[in-house]
Amino acid sequence: MKDKIAIVTGASRGIGKAIAIELAEKGANIVINYSSSEESAMNTKRRCEELGAKVLLVKGSVSEVEDCKDIVAKTLEEFGRIDILVNNAGITRDGLAMRMNDEEFDSVVKTNLYGVFFMMREVAKPMMKQRYGRIINMSSVSGLTGNAGQINYAATKSAVIGMTKSMAKEMATRGITVNAIAPGYIDTDMTKELASTQTDAIISSIPVGRKGEGEDLAYAVSFLASERAAYITGEVIRVDGGLAM
Ligand code: NAP
């Protein structure tokens, strides 16, 4: 991945941070996007730079089309190309369907679904011109199996799979692969809000017997982002310790 240019959305914390660090370790230069956690994003930047990467920090919400245009424009201005896009940014607003209000549904759709669409649309042109690209979208096992209390989130994560496959078909002849990763239960701020009784119940249903770490995802993303994954497209890889098997 030497000198490849990778955009990672939502790379200030959690899985995105682990992905940015792993791609930097493999030799890529990194564009770190985040929405509000400036200090955490600076921390990811420092870690990537220590590994020898050139790093560009771009604040912006993937739920806003103008921000997505800005992330891509700044990347092209700084590096002249985009080889890898990791659509990692995502949020939850959990609640039972019968009590969920429109805003809770809409905000998750705007970030998790529109965000992925906006970013894929913006990188499509430069990647097609280069005749090379790797796009990796973060889905979830919730999108494969459904999950009580996550009707909004599960809807977006299923939709990410549909978008991944559609985009894969549109881009395949241009040297661009588009794949999705479906994480299971990963130890990040997103899952820290769950009560310990819920956590224990989930862990006991994971065949490998532990929750996942950001690095577990980063290794899978790193492979899909490599030149060696050229013959894999439209695929969904579960990284869940067997949870949704
Ligand atoms: P996290 O710890 O909550 O981190 C979320 C990251 O996304 C942060 O860097 C945050 O930036 C960024 N972000 C949120 N909204 C954004 C927006 N509108 N624009 C740009 N960046 C935004 O989450 P995580 O657990 O690492 O999850 C990463 C991805 O994996 C998500 O797509 C999530 O749905 C998926 N996933 C996670 C799990 C899990 O168990 N953790 C399981 C399945 C799938 P700020 O720091 O600036 O807020």
Side-chain angles (χ1 to χ4, degrees), residues 7-22 30-45 47 57-72 85-94 106-119 122 136-147 149-150 152-161 163-164 180-194 198-199 202-203 205-206 210-218 220-221 236-241 243-244:
I7 299 176
V8 185
T9 66
S12 50
R13 300 180 280 121
I15 294 169
K17 177 180 183 179
I19 292 168
I21 291 168
E22 177 64 17
I30 313 291
V31 178
I32 294 171
N33 157 256
Y34 66 102
S35 62
S36 59
S37 308
E38 185 101 32
E39 215 179 303
S40 307
M42 287 299 290
N43 187 27
T44 310
K45 180 174 186 275
R47 294 278 301 278
L57 214 56
V58 188
K59 181 176 178 171
S61 174
V62 296
S63 63
E64 301 293 332
V65 69
E66 291 307 324
D67 288 7
C68 294
K69 285 183 178 173
D70 187 53
I71 296 165
V72 170
L85 166 65
V86 185
N87 277 315
N88 166 79
I91 59 167
T92 50
R93 295 285 298 274
D94 294 354
D106 210 38
S107 60
V108 172
V109 168
K110 284 294 269 179
T111 299
N112 298 7
L113 183 56
Y114 276 87
V116 174
F117 166 62
F118 290 153
M119 287 302 296
E122 292 309 313
I136 298 110
N137 296 326
M138 211 51 75
S139 177
S140 166
V141 293
S142 293
L144 298 173
T145 63
N147 199 17
Q150 291 199 313
N152 50 357
Y153 183 77
T156 63
K157 295 302 185 178
S158 298
V160 162
I161 293 172
M163 289 201 298
T164 297
I181 302 261
Y185 180 74
I186 314 301
D187 192 14
T188 67
D189 293 342
M190 188 176 270
T191 47
K192 277 198 176 72
E193 284 165 22
L194 291 176
Q198 278 174 291
T199 306
I202 297 169
I203 293 173
S205 63
I206 301 173
R210 67 166 176 88
K211 49 192 169 186
E213 302 293 335
E215 288 72 22
D216 291 311
L217 277 307
V221 168
V236 184
I237 299 185
R238 283 189 297 108
V239 181
D240 67 348
L243 177 65

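Both ligands and their constituent atoms are indexed starting at 1 by order of listing. Keep in mind it's a predicted model, so treat the numbers as computed, not measured.
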Test log, rule side chain to side chain contact (heavy atoms under 4.5 Å, CB included), inputs Arg13 and Ser37:
CA-CA 8 Å; Arg13 300 180 280 121; Ser37 308; 3.5 Å; yes

What donor-acceptor contacts under 3.5 angstrom involve side-chain atoms of residues 136-144, with partners at least two apart or in another chain?
unit_1: Asn137; atom_1: OD1; unit_2: Asn87; atom_2: ND2; d: 2.9
unit_1: Asn137; atom_1: ND2; unit_2: Thr164; atom_2: OG1; d: 3.0
unit_1: Ser139; atom_1: OG; unit_2: Lys157; atom_2: O; d: 2.8
unit_1: Ser140; atom_1: OG; unit_2: Ser142; atom_2: N; d: 2.9
unit_1: Ser142; atom_1: OG; unit_2: Gln150; atom_2: OE1; d: 2.8

Side chain to side chain contact (heavy atoms under 4.5 Å, CB included) assessment of Ile186 paired with Leu217
CA-CA 9 Å; Ile186 314 301; Leu217 277 307; 3.4 Å; yes

Under 4.0 Å between a Lys/Arg side-chain N and an Asp/Glu carboxylate O for Asp240 and Lys211?
no

Can you name the side-chain contact (heavy atoms from CB on, under 4.5 Å) partners of Phe118, sequence neighbours left out?
Val65, Cys68, Tyr114, Arg121

What pairs with Ser63 under side-chain contact (heavy atoms from CB on, under 4.5 Å), at least two apart in sequence or on another chain?
Ser61, Lys110, Thr111

For ligand 1, what is the set of protein residues having any non-hydrogen atom at a distance below 4.0 Å?
Gly10, Ala11, Ser12, Arg13, Gly14, Ile15, Asn33, Tyr34, Ser35, Ser36, Ser37, Gly60, Ser61, Val62, Asn88, Ala89, Gly90, Ile91, Thr111, Met138, Ser139, Ser140, Tyr153, Lys157, Pro183, Gly184, Tyr185, Ile186, Thr188, Asp189, Met190, Thr191

